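Down below is the structure, laid out as structure tokens.
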Protein chains: 2
Amino acid sequence: MGATKTDHFTDKQNAIATLAKALGHPARVAIVDYLLKVDACICGDIVNELPLAQPTVSQHLKELKNAGIIKGEIEGNTICYCLDKNSIDKLQSYFANISIKLETKKKDCC
Amino acid sequence: MGATKTDHFTDKQNAIATLAKALGHPARVAIVDYLLKVDACICGDIVNELPLAQPTVSQHLKELKNAGIIKGEIEGNTICYCLDKNSIDKLQSYFANISIKLETKKKDCC
DNA sequence: AATCTTTATTGTAATATTGCAATATAAAAA
DNA sequence: TTTTTATATTGCAATATTACAATAAAGATT
């Protein structure tokens, strides 16, 4: 095998997994960090920021976009990619909820 | 190639990527959800909860543990795995920070 | 001790990911 | 229009992931 059985899990579980997976590579975390650092969407020099070749960066951007972490399109000679706050918030609230529930958990044997 | 160039990114980026990657599969999200739902650490029936064979579940648990999402050991006939609040909090604060920064961002072209 | 129960490990096949060179595409500049 | 600049796509090789059958390991039960 090797293919993930996504149809056996809930939509929410699949949604979280998709978002998390997109950030499961340091290059993509670095892209997110960069998009956050530069207070603009004209980010044509992501390639220069990363220790990766241009096609590789382009591929990572594509995956971030497919997962919904970033949005935007290219505009002429410059790309215009922004973080999608909606997706970030989904992740944030998912983990916040876990954290709160763990806080009030009685039995903690580990 | 195929190997990730982890040495070219910051420790924090690698740390976030490792945690996110561990949750980048719906089965592992389902395991986290289950560990949170059952208010105890004796969780010997995770296998019955998931649509996966026992070795596969064991492997996913191993990956969650390696990444630091869960902690614990087996105790006799029952496993005792708990969520590691520290890791969850790392993810939560990472995304919360992004969300806050996005909130106050001036230029949003997308 | 022999058996049962539970989890881990090994081996293997199928599939996915990562990375880049080469090339294509498309808008901007000359 | 030609050239430049910036990004995307294709094709391919190396590696990683996913899944499970078979088996091992180890504590619990009889």
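The analysis underlying the following values was restricted to heavy atoms, covering all of them including side chains, and did not include hydrogens, waters or symmetry mates. Computed from a predicted model, the values in this text were never measured in an experiment. Here is how names work: the chains are called A, B, and so on, in the same order as the sequence lines, proteins then strands, and each is numbered from 1.
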#### Entry: For atom CD1 of A/Ile46 and atom P of D/dT5, their distance in whole Å
20 Å

### Summary
B/Leu64 CG to D/dT17 C1', in whole Å, measures 14 Å

### Query
With sequence neighbours excluded, what pairs up with B/Gln13 under the side-chain hydrogen bond (donor to acceptor under 3.5 Å, both in side chains) test?
A/Asp33, B/Thr10

### Message
Counting only side-chain nitrogens and oxygens, does A/Lys21 get under 4.0 Å of the OP1 or OP2 atom of D/dT17?
### Response
no

### Task
Whole angstrom is fine here: how far is it from CD1 in A/Ile70 over to P in D/dT7?
12 Å

### Query
Is there a donor-acceptor pair under 3.5 Å between the side chain of B/Lys90 and the backbone N or O of B/Ile16?
no

### Integer-rounded Å distance: D/dA6 C1' and A/Asn48 CG
11 Å

### Electrostatic pair B/Lys85:A/Glu103 at N-O distance under 4.0 angstrom
yes

### Message
Looking at A/Gln54 and D/dA6, is any side-chain donor or acceptor paired with a base atom of the opposite kind under 3.5 Å?
### Response
no

#### Entry: From D/dA22, D/dT9, D/dA19, nucleotide with atom closest to B/His25 side chain
D/dA19

## Note on the structure
The answer to which of A/Ser58 and B/Arg28 contacts DNA chain D further toward the 5' end, by nearest nucleotide, is A/Ser58

### Task
Please work out which of the three classes, parallel, tilted or perpendicular, describes the rings of A/Phe9 and B/His25, given edges at 30° and 60°.
perpendicular

### Task
Compare side-chain N and O positions of A/His60 against OP1 and OP2 of C/dT17 and report whether any pair is under 4.0 Å apart.
no

#### Entry: Candidate nucleotides D/dA16, C/dT9, C/dT18, ranked by approach to the side chain of A/Gln59 - the nearest
C/dT18

### Message
Rounded to whole Å, how long is the line connecting atom NZ of B/Lys62 with atom C1' of D/dA16?
### Response
14 Å

### Query
Closest to the B/Glu63 side chain: C/dT18, C/dA21, D/dT18?
D/dT18

### Query
Does OP1 or OP2 of C/dT18 have a side-chain N or O of A/Thr56 closer than 4.0 Å?
no

### Query
Does the pair B/Leu91 and A/Ile98 meet the rule for a side chain to side chain contact (heavy atoms under 4.5 Å, CB included), with working shown?
CA-CA 11 Å; B/Leu91 287 166; A/Ile98 295 178; over 6 Å; no

#### Entry: Integer-rounded Å distance: D/dT18 P and A/His8 NE2
16 Å

### Message
Measuring to OP1 and OP2 of C/dT6, would you say a side-chain N or O of B/Tyr81 lies under 4.0 angstrom away?
### Response
no

